[in-house]
Amino acid sequence: MLNLGKIDHIHVRVTDTTKAIEWYQRVLGLTPDPRYRHMQDEPHGVTMVANPSSTVRLALCEDAESSTAIGAVAFVVSGQEFMEWIDQLAGERVTNREGQTIARDSVYDHHFFCSLSFVDPFGNAFEVVSYDHTWLAGKLKLNGRSNHNGHNPLHGHSGLNGHVPSASE
């Protein structure tokens, strides 16, 4: 069986490449990668944006009739970075799928990791994930509960009326 390596890049459909480049640079720190400039002039022009080390790359594909697919691109970070991302996204007034501005109470507790879901201006879904759960649970005072009132932003309502049972229940 062949093994897959890491993800090389992810295609993200946008309706306005210029607006997308500005947003991804301002909010996520991703800038156009000049090595892929030639792809912008191809029939289905793509602008590759990346972080400074090129370990995260998104291929922005302009589509005037863009309709986003269900799913999300998830980025893993440390617990401290997770806290910083909450503040960064809140400061940029980034929203989740429901249109609510990201805040500390936007964190979803998965019991062994935490996630924070948000969308870009084109409706593409993203997550920041950290497996430093114990540290984050203390910092965010999660205590085995979801800050989403039982709503998992990627999978819909949990049906638990806002309560996510802890491991001891």
Side-chain angles (χ1 to χ4, degrees), residues 6-17 19-31 47-51 55-61 63 66-167:
K6 65 180 182 147
I7 293 174
D8 181 71
H9 67 276
I10 297 170
H11 288 259
V12 178
R13 294 190 295 182
V14 300
T15 56
D16 182 333
T17 302
K19 182 178 177 182
I21 290 170
E22 189 276 329
W23 190 88
Y24 283 98
Q25 184 168 351
R26 186 183 81 243
V27 177
L28 299 181
L30 304 177
T31 58
T47 300
M48 189 74 74
V49 294
N51 66 349
T55 55
V56 174
R57 285 194 297 270
L58 301 178
L60 304 179
C61 311
D63 179 357
S66 178
S67 63
T68 59
I70 305 251
V73 178
F75 302 102
V76 66
V77 298
S78 71
Q80 180 61 46
E81 291 167 328
F82 189 89
M83 297 296 290
E84 292 168 11
W85 272 108
I86 295 170
D87 295 340
Q88 165 72 16
L89 295 171
E92 290 288 344
R93 306 222 20 98
V94 174
T95 62
N96 60 20
R97 286 186 181 175
E98 291 77 33
Q100 300 162 330
T101 302
I102 297 302
R104 290 193 176 205
D105 66 353
S106 302
V107 173
Y108 192 80
D109 181 0
H110 298 273
H111 301 291
F112 70 98
F113 70 96
C114 293
S115 68
L116 181 66
S117 299
F118 60 96
V119 294
D120 72 5
F122 309 96
N124 294 298
F126 292 89
E127 271 188 314
V128 177
V129 174
S130 178
Y131 290 90
D132 292 339
H133 182 266
T134 302
W135 186 81
L136 284 169
K139 284 283 189 190
L140 295 169
K141 300 183 180 14
L142 297 175
N143 298 321
R145 66 175 171 78
S146 165
N147 278 345
H148 266 292
N149 296 324
H151 179 75
N152 182 326
L154 297 179
H155 304 294
H157 187 60
S158 70
L160 296 173
N161 296 324
H163 179 73
V164 177
S166 67

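Computed over heavy atoms, backbone and side chain alike; hydrogens, waters and symmetry mates excluded.
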*Just jot down the ring pair (Phe, Tyr, Trp, His ring centres under 6.0 Å) partners of Phe75, sequence neighbours excluded, or say none.*
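Ring pair (Phe, Tyr, Trp, His ring centres under 6.0 Å) check on Phe75 returns nothing, list empty.
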
*What pairs with Phe82 under ring pair (Phe, Tyr, Trp, His ring centres under 6.0 Å), at least two apart in sequence or on another chain?*
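By the ring pair (Phe, Tyr, Trp, His ring centres under 6.0 Å) rule, Phe82 matches no residue at all.
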
*Under 30°, 30 to 60°, or over 60°: which ring-plane class applies to His111 and His133, parallel, tilted or perpendicular?*
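Correct class here is tilted.
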
*Under the side-chain contact (heavy atoms from CB on, under 4.5 Å) criterion, do Leu140 and Met83 qualify, and how do the steps go?*
CA-CA 9 Å; Leu140 295 169; Met83 297 296 290; 3.8 Å; yes

Any side-chain heavy atom of [X] within less than 4.5 Å of one from [Y]?
X: Leu28; Y: Trp85; value: yes
X: Val12; Y: Tyr24; value: yes
X: Lys19; Y: Phe122; value: yes

*Quick check, are the ring centers of Tyr108 and His110 under 6.0 angstrom apart?*
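Tyr108 vs His110: aromatic centres under 6.0 Å.
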
*Do Ile10 and Phe126 pass the side-chain contact (heavy atoms from CB on, under 4.5 Å) test, and can you show the C-alpha distance, the side-chain angles, and the key distance before you say yes or no?*
CA-CA 11 Å; Ile10 297 170; Phe126 292 89; over 6 Å; no

*Determine, stepwise, if the pair Trp135 / Lys139 fulfils side-chain contact (heavy atoms from CB on, under 4.5 Å).*
CA-CA 6 Å; Trp135 186 81; Lys139 284 283 189 190; 3.4 Å; yes

Between atom [atom1] of [X] and atom [atom2] of [Y], what is the distance when rounded to the nearest 0.5 Å?
X: Cys114; Y: Tyr131; atom1: SG; atom2: OH; result: 11.0 Å
X: Arg104; Y: Leu136; atom1: CZ; atom2: CG; result: 10.0 Å
X: Leu142; Y: Asp105; atom1: CG; atom2: CG; result: 11.0 Å

*Without swapping roles, check the side chain of Ser117 against the backbone of Glu127 for a donor-acceptor pair under 3.5 Å.*
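Checked: no pair found.
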
_side-chain contact (heavy atoms from CB on, under 4.5 Å) assessment of Asn124 paired with Val73_ = CA-CA 9 Å; Asn124 294 298; Val73 178; over 6 Å; no

*Residue Arg26 excluded, over 12 heavy atoms near CZ under 6.0 Å*: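 Buried by this count: over 12 neighbours within 6.0 Å.
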
